[in-house]
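Notes follow the structure.
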Amino acid sequence: MCTGKCALCVGTGLYPLAVISIICNIILFFPGWDVKYAQNQQITEEVKYMGGLVGGGILVLIPAFHIHLTGKQGCCANRCGMFLSILFAAVGVAGALYSFVVAMMGLINGPYCKQYYIMWGTPFKNQEESYLKDRSSWGTCTEPKNVVEFNVGLFSTLLVTSALQLILCGTQMINGLFGCLCGTCKEKGPL
């Protein structure tokens, strides 16, 4: 496959992943599908780091535009454009890595919730056994309703999305290197 076409595929693949990351992060601000928890600062700490919005979203979306344009016919589809795509892809790797780490910590620490109808906290943090293996312990969180399932689903989605972003941006860094050294192999039109 030509390096220009590869860049086009990578850029196109990054768009939906960035949008999914942004949407997941925004939804995480509303556990139990209620705005009152965000207003009262009763949300999981890792949500406030905005890994999906900033890291997997903006820091991947900006490189996606450049990488996509690098793969198209025109002034960007040259060696200089491919070199710049390496730098932009590195920004995408950094953003995806940030999103991945935040999502991983969100899964490891568990949600911020009301425990046994008494007090708010993070009941699964610093436990020897992971709460992810013991579904019966999820009843510890009584408010917001189904917050454990809510957080596990969205943080897992962010984890998978950011892993795919890492793979695509890493691929573009290698592709950009070949494109910088060898050219984009785009067909030249008639002179």
Side-chain angles (χ1 to χ4, degrees), residues 5-72 76 81 84-113 122 124-125 131-132 141 143-176:
K5 288 181 183 176
C6 183
L8 190 64
C9 290
V10 168
T12 304
L14 287 173
Y15 291 133
L17 295 173
V19 170
I20 290 168
S21 290
I22 291 169
I23 291 170
C24 283
N25 202 140
I26 291 171
I27 292 172
L28 277 165
F29 276 99
F30 307 105
W33 304 102
D34 199 338
V35 74
K36 73 179 179 181
Y37 301 110
Q39 291 172 337
N40 297 333
Q41 299 293 314
Q42 296 170 327
I43 55 176
T44 305
E45 192 67 28
E46 289 77 15
V47 175
K48 298 174 190 175
Y49 299 154
M50 293 193 281
L53 186 65
V54 175
I58 295 168
L59 288 178
V60 169
L61 201 54
I62 293 170
F65 288 131
H66 179 78
I67 293 167
H68 186 233
L69 290 175
T70 300
K72 288 192 172 249
C76 289
L84 288 174
S85 79
I86 297 170
L87 301 177
F88 277 101
V91 171
V93 165
L97 194 58
Y98 176 67
S99 179
F100 186 86
V101 169
V102 170
M104 180 68 77
M105 293 308 298
L107 280 172
I108 290 170
N109 293 335
Y112 183 81
C113 62
T122 311
F124 307 116
K125 192 173 183 176
Y131 72 99
L132 296 170
C141 289
E143 189 182 341
K145 188 175 185 203
N146 298 324
V147 70
V148 179
E149 291 90 341
F150 184 82
N151 273 23
V152 168
L154 290 170
F155 277 125
S156 296
T157 303
L158 278 173
L159 197 67
V160 170
T161 302
S162 58
L164 291 172
Q165 290 170 337
L166 275 167
I167 292 167
L168 286 174
C169 288
T171 301
Q172 180 54 33
M173 289 177 76
I174 296 167
N175 180 54

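Atom set for the values below is all heavy atoms of this structure, side chains included, hydrogens, waters and symmetry mates excluded.
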Can you name the residues that form a side chain to side chain contact (heavy atoms under 4.5 Å, CB included) with [X], not counting sequence neighbours?
X	value
L87	F83, L84
I23	V19, I27
L168	V10, L14, L17

Please report the interatomic distance [atom1]([X]) to [atom2]([Y]), rounded to the nearest 0.5 Å.
X	Y	atom1	atom2	answer
C6	I67	SG	CD1	10.0 Å
F88	L69	CZ	CG	10.0 Å
I22	L61	CD1	CG	5.5 Å
I86	C169	CD1	SG	13.0 Å
L97	M104	CG	CE	11.0 Å

May I have the list of side-chain donor-acceptor pairs in residues 50-57 shorter than 3.5 Å, sequence neighbours left out?
none

Side-chain heavy-atom pair [X], [Y] within 4.5 angstrom cut-off:
X	Y	value
F29	V47	yes
Y131	V152	yes
L158	L154	no
F124	L132	no

Of all pairs that satisfy side-chain hydrogen bond (donor to acceptor under 3.5 Å, both in side chains), the ones with a partner from residues 99-109, not counting sequence neighbours |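 Qualifying pairs, neighbours excluded: E46-N109.
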
Pairwise side-chain hydrogen bond (donor to acceptor under 3.5 Å, both in side chains) hits with a residue in residues 157-174, at least two apart |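 Only S85-Q172, Q172-N175 qualify under side-chain hydrogen bond (donor to acceptor under 3.5 Å, both in side chains).
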
With sequence neighbours left out, what residues match [X] under ring-ring contact (aromatic ring centres under 6.0 Å, His included)?
X	value
F65	Y15
F100	none
F155	none

Indicate the atoms forming the closest heavy-atom contact of P111 with V148, along with that distance.
->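 That closest heavy-atom pairing would be CG-CG2, 3.8 Å.
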
What heavy-atom pair brings T44 and G110 nearest, and what distance separates the two atoms?
->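 That would be CG2-O, 3.7 Å.
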
Please name all residues satisfying disulfide bond (SG atoms under 2.5 Å apart) with C141, sequence neighbours left out, ordered by chain then number.
->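 C141: disulfide bond (SG atoms under 2.5 Å apart) contacts with C113.
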
Please list, chain by chain and in numerical order, all residues satisfying salt bridge (charged side-chain N to carboxylate O under 4.0 Å, His left out) with K48, sequence neighbours excluded.
->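 Scan of K48 (salt bridge (charged side-chain N to carboxylate O under 4.0 Å, His left out), adjacent residues dropped) gives E45.
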
Mind listing the side-chain donor-acceptor pairs of residues 32-43 below 3.5 Å, one per line with the distance, residues two or more places apart or on another chain?
{"residue": "D34", "atom": "OD1", "partner": "K36", "partner atom": "N", "Å": "3.2"}
{"residue": "Y37", "atom": "OH", "partner": "E143", "partner atom": "OE2", "Å": "3.2"}
{"residue": "N40", "atom": "ND2", "partner": "K36", "partner atom": "O", "Å": "3.1"}

